[in-house]
Amino acid sequence: MARYVREVMTAGVAAVRPDASLVEAARLMRAQDVGDVLVARGDRLIGVLTDRDIAVRAVAEGVDPLAVSAQSVCTRSSVSVRPDDELATALRLMRRHAVRRLPVVEGGRPLGLVSLRDVTAHQDCRPEPPRSGPAAAPRPARVPRQGRWDDRPRPPHLP
């Protein structure tokens, strides 16, 4: 089971300049098959631009994606983690700041991203069973649900 950010992070993620258009950023996301890019000026991280940022902050507002910069729409990086931070620290920061992705930065330089999916995929979230005592008693068998949603009768006009 992974313990540190460096063990689960995505290193060397795609990045765009702050003045890149949203179209340029979206094309990079498509080419890399990712949903986010870092917005950076040289080695200085400015923020994270997600496909959702583009959809909600630009397209839904009716702005021209060729005329709007990545910097103006991205989520500013006020919080980040280091590669040597524990995964529990990353989870706490994600929860506290209501984000699903955190930039991984070392010495002010962006190294990659760690996502909620990265963290949860590498952690065993099952509680350990008690070893003794009343809580260790076997659980009663689960009663199967009565029918499934697709077992219901369908109206005649639906296949």
Side-chain angles (χ1 to χ4, degrees), residues 1-132 135-136 139 142 145 148-150:
M1 180 166 69
R3 182 173 174 191
Y4 296 101
V5 169
R6 71 173 169 269
E7 299 173 59
V8 302
M9 69 183 242
T10 303
V13 296
V16 295
R17 299 174 327 276
D19 61 343
S21 74
L22 296 181
V23 171
E24 185 180 338
R27 287 181 178 157
L28 179 60
M29 287 181 200
R30 181 179 63 194
Q32 298 288 322
D33 192 28
V34 295
D36 49 59
V37 293
L38 295 180
V39 178
R41 180 175 288 120
D43 278 349
R44 190 174 70 88
L45 178 67
I46 294 172
V48 178
L49 179 67
T50 67
D51 48 5
R52 180 171 166 72
D53 291 335
I54 294 172
V56 172
R57 296 181 184 165
V59 175
E61 296 295 326
V63 299
D64 180 5
L66 283 168
V68 176
S69 71
Q71 181 176 5
S72 65
V73 176
C74 75
T75 301
R76 299 291 177 142
S77 288
S78 58
V79 61
S80 61
V81 291
R82 297 183 319 263
D84 294 328
D85 285 341
E86 291 190 2
L87 293 177
T89 301
L91 279 175
R92 275 193 302 275
L93 288 170
M94 287 178 193
R95 189 177 308 119
R96 182 179 307 136
H97 295 276
V99 295
R100 290 180 282 196
R101 300 169 183 95
L102 290 173
V104 181
V105 178
E106 188 166 50
R109 223 175 116 233
L111 300 177
L113 279 173
V114 63
S115 70
L116 183 59
R117 174 179 266 172
D118 295 334
V119 175
T120 57
H122 289 87
Q123 282 194 323
D124 186 5
C125 298
R126 293 173 290 164
E128 287 196 29
R131 299 184 193 271
S132 64
R139 291 184 177 177
R142 293 185 71 193
R145 286 191 339 187
R148 294 173 22 124
W149 67 272
D150 56 352

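Please read all numbers here as calculations on a predicted model, not as lab measurements.
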Please table the atom pairs, donor to acceptor, closer than 3.5 Å between any side-chain atom in residues 50-58 and protein atoms at least two apart or in another chain.
| residue | atom | partner | partner atom | Å |
| --- | --- | --- | --- | --- |
| T50 | OG1 | R52 | N | 3.4 |
| T50 | OG1 | D53 | N | 3.0 |
| T50 | OG1 | D53 | OD1 | 3.4 |
| T50 | OG1 | D53 | OD2 | 3.2 |
| D53 | OD1 | T75 | OG1 | 3.4 |
| D53 | OD2 | T50 | N | 3.0 |
| D53 | OD2 | T75 | OG1 | 3.3 |
| R57 | NH1 | V73 | O | 2.8 |
| R57 | NH1 | C74 | O | 3.4 |
| R57 | NH1 | T75 | OG1 | 3.3 |

Under 3.5 Å donor-acceptor pairs involving side-chain atoms of residues 84-96, not counting sequence neighbours:
| residue | atom | partner | partner atom | Å |
| --- | --- | --- | --- | --- |
| D84 | OD1 | R6 | NH1 | 2.4 |
| D85 | OD1 | R82 | NH2 | 3.1 |
| D85 | OD2 | R82 | N | 2.9 |
| E86 | OE2 | R3 | NE | 3.4 |
| E86 | OE2 | R3 | NH2 | 2.8 |
| T89 | OG1 | R92 | NH2 | 3.3 |

Could you go through residues 34-41 and list every donor-acceptor pair under 3.5 Å that involves a side-chain atom there, pairing it with any protein atom two or more places apart or in another chain?
| residue | atom | partner | partner atom | Å |
| --- | --- | --- | --- | --- |
| D36 | OD2 | R101 | NE | 2.3 |

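For the pair L49 and A25, the tightest heavy-atom approach, listed with the atom from each and the gap, is CD2-CB, 3.5 Å. Across all non-hydrogen atoms, the minimal contact from A70 to V16 is CB-CG2, 3.9 Å. Residues S21 and P65 come closest through the heavy atom pair CB-O, 3.7 Å. When all heavy atoms of S69 and L22 are compared, the closest pair comes out as O-CD2, 3.9 Å.
Of the listed residues (L113, D118, L111), just one forms a side-chain contact (heavy atoms from CB on, under 4.5 Å) with M9, and that residue is L111.
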side-chain contact (heavy atoms from CB on, under 4.5 Å) between Q71 and R76, worked out: CA-CA 8 Å; Q71 181 176 5; R76 299 291 177 142; 3.4 Å; yes
